[in-house]
Amino acid sequence: MTISDGLINCGKYMLENKLAWGTSGNISSRVDDKTMLITASGTFMGDLKDEDFVLFDLQYEKNLSERKASKETPMHTGIYKTRPDVQAVIHSSPFYTTLFACSNEHILANLFIENFYYLENIGYVDYYHPGTRDLGEAIAEEANKSDVIMMRNHGVVVMDTSISEALMRLETLEMTCRMILTAKSSGVELHSLPDYKVTEFLEESLYKPRIKR
């Protein structure tokens, strides 16, 4: 499977599973140390084609394709330059995640197995206008210690070692936000595990190699 095939499948899955809507959001994968492949501006996430991606030079921040790269290219560029381990980035605004980004609700990371692993390092950045260098710089700085970055009144950006793992991280976040809100609205009390149990799982269960910050 090519890099663009993986991104195409990701966009389709996101739209079909309400992790994206319309032309909102953007996705990218690292091609090598110097370049990334990112969705072009205005692309429809559920119907991406090979021509909907832009090859972008990370070092010189230069578009190497004819189409205009996503407005959020500075965000993706900042992450790849800051985090050599990251191979894929997803920015989206799913309903429940965005609801949390527009509120002061706390996202719990001690509820269930995938929640422990994929949401261990959640960071926040204040609101900056989309596509601005200020937003890109804030995201790049936060990426030093976070794999999930909530953008106030905007959405979220997640990163991982592959597009499939980044997608799993996004879906786990959306499910967690939905679970918390559903529990609150229905009067169900969620039982969180103590921090030492979560740490014990992350360090000793061999579920997945732990990404440490």
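The analysis underlying the following values was restricted to heavy atoms, covering all of them including side chains, and did not include hydrogens, waters or symmetry mates. Each residue takes its place number in the sequence, starting with 1. In this text the structure is predicted, and so the values were computed from the model without any measurement.
A continuous path of hydrophobic side-chain contacts links Leu173 to Tyr124 [ILVMFWY only; heavy atoms under 4.5 Å]. Tyr117 and Ile113 fall within the same hydrophobic cluster, defined by Ile, Leu, Val, Met, Phe, Trp and Tyr side-chain heavy atoms under 4.5 Å apart, directly or through other members. Follow the hydrophobic side-chain contacts under 4.5 Å out from Met179 and you reach Leu181 in the same cluster. Follow the hydrophobic side-chain contacts under 4.5 Å out from Leu15 and you never reach Ile163; the two are in separate clusters.
Under the 3.5 Å distance criterion, the side-chain polar atoms of Asn115 are matched with a main-chain donor or acceptor of Asn110. At least one donor-acceptor pair closer than 3.5 Å links the side chain of Asn17 to the backbone N or O of Tyr13. Between the side chain of Ser41 and the backbone N or O of Lys68 there is no donor-acceptor pair closer than 3.5 Å. Remark: the backbone N or O of Ala101 is not paired with any side-chain donor or acceptor of Thr98 at under 3.5 angstrom. Under a 3.5 Å cut-off, the side chain of Ser185 and the backbone N or O of Thr182 do form a donor-acceptor pair. Looking only at distances, a side-chain donor or acceptor of His91 sits under 3.5 Å from a matching main-chain atom of Val156. Between the side chain of Trp21 and the main chain of Met45, no donor-acceptor pair closer than 3.5 Å is present. Panel note: side chain Arg169, backbone Leu119; no donor-acceptor pair is recorded below 3.5 Å. Between the Asp57 side chain and the Gln59 main chain, a donor and an acceptor come within less than 3.5 Å of each other. Under the 3.5 Å distance criterion, the side-chain polar atoms of Ser92 are matched with a main-chain donor or acceptor of Leu19.
For the pair Phe95 and Arg178, the minimum side-chain heavy-atom distance is 4.5 Å or more. Considering only heavy atoms from C-beta on, Val31 stays 4.5 Å or farther from Ser29 through its side chain. Side-chain contact check for Leu193 versus Phe116: some heavy-atom pair is nearer than 4.5 Å. With contacts defined as side-chain heavy-atom distances shorter than 4.5 Å, the pair Leu37/Phe56 does not qualify. Between Met75 and Leu135 the shortest side-chain heavy-atom distance falls below 4.5 Å. Side chains of Val157 and Val148 form no contact here, defined as non-hydrogen atoms less than 4.5 Å apart. Using a 4.5 Å cut-off on side-chain heavy atoms (C-beta onward), Tyr118 and Val158 make no contact. At least one side-chain heavy atom of Leu64 sits less than 4.5 Å from a side-chain heavy atom of Thr35.
Heavy-atom neighbours of Arg67 CZ from other residues, nucleotides or ligands within 6.0 Å: above the threshold of 12. Heavy-atom contacts from other residues, nucleotides or ligands closer than 6.0 Å to CE of Met168 number more than 12. Environment of CD in Glu141: sparse, with no more than 12 heavy atoms of neighbouring residues, nucleotides or ligands closer than 6.0 Å.
Considering all non-hydrogen atoms of both residues, Leu170 and Ile90 come closest at CD2-CG2, 3.9 Å. Closest approach of Phe100 and Ile107 over heavy atoms only: CD2-CG1, 3.7 Å. In this structure, Lys71 and Pro130 approach most closely via the heavy-atom pair CD-O, 3.5 Å. When every heavy atom of Ser192 is checked against every heavy atom of Leu108, the shortest pair comes out as OG-CD1, 3.9 Å. Contact detail for Leu167 and Met14: the closest heavy-atom pair is CD1-CG, 3.6 Å. Residues Ile122 and Met150 come closest through the heavy atom pair CG2-CG, 4.0 Å.
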Between Met159 and Gln87, is the side-chain contact (heavy atoms from CB on, under 4.5 Å) condition met? List the steps. CA-CA 8 Å; Met159 61 208 78; Gln87 300 297 316; over 6 Å; no
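A distance of 7.5 Å separates OG in Ser28 from CG in Leu7, rounded to the nearest 0.5 Å. Of the inter-residue distances, the one linking Ile180 atom CD1 with Leu99 atom CG reads 11.0 Å to the nearest 0.5 angstrom. Between Ile139 atom CD1 and His76 atom NE2 the span is 9.5 Å, to the nearest 0.5 Å. Here the straight-line distance linking atom CG of Leu55 with atom CG of Asn63 works out to 8.5 Å at 0.5 Å rounding. Rounding to the nearest 0.5 Å places NZ of Lys81 at 10.0 Å from CE of Met36. The distance from the CG atom of Asn26 to the OG1 atom of Thr39 is 5.0 Å, given to the nearest 0.5 Å.
Side-chain atoms of Tyr96 and Thr176 include no donor-acceptor pair closer than 3.5 Å. Under the 3.5 Å distance criterion, with hydrogens and angles disregarded, no donor-acceptor pair is assigned to the side chains of His154 and His129. Under 3.5 Å, the side chains of Asp50 and Ser4 contain a donor-acceptor pair of N or O atoms. Glu137 and Tyr128 share no donor-acceptor pair across their side chains, judged by distance under 3.5 Å alone. Asp52 and Thr43 share no donor-acceptor pair across their side chains, judged by distance under 3.5 Å alone.
Salt bridge annotation for Lys34-Asp32: absent, with no cationic side-chain nitrogen under 4.0 angstrom from a carboxylate oxygen. Looking at Lys197 and Asp195, no side-chain N of the basic residue comes within less than 4.0 Å of a carboxylate O on the acidic one, giving no salt bridge. Here Glu61 pairs with Arg133 in a salt bridge; the nearest charged N to carboxylate O distance falls below 4.0 Å. The pair Lys12-Asp47 does not meet the salt-bridge criterion, since no charged nitrogen lies less than 4.0 angstrom from a carboxylate oxygen. Under a 4.0 Å N-O distance rule, the pair Glu174/Lys18 does not qualify as a salt bridge.
Applying the side-chain contact (heavy atoms from CB on, under 4.5 Å) criterion to Thr199, with sequence neighbours excluded, gives Glu203. Take Glu142 and apply the side-chain contact (heavy atoms from CB on, under 4.5 Å) test, not counting sequence neighbours, and it matches Val125, Lys145, Ser146, Ile149.
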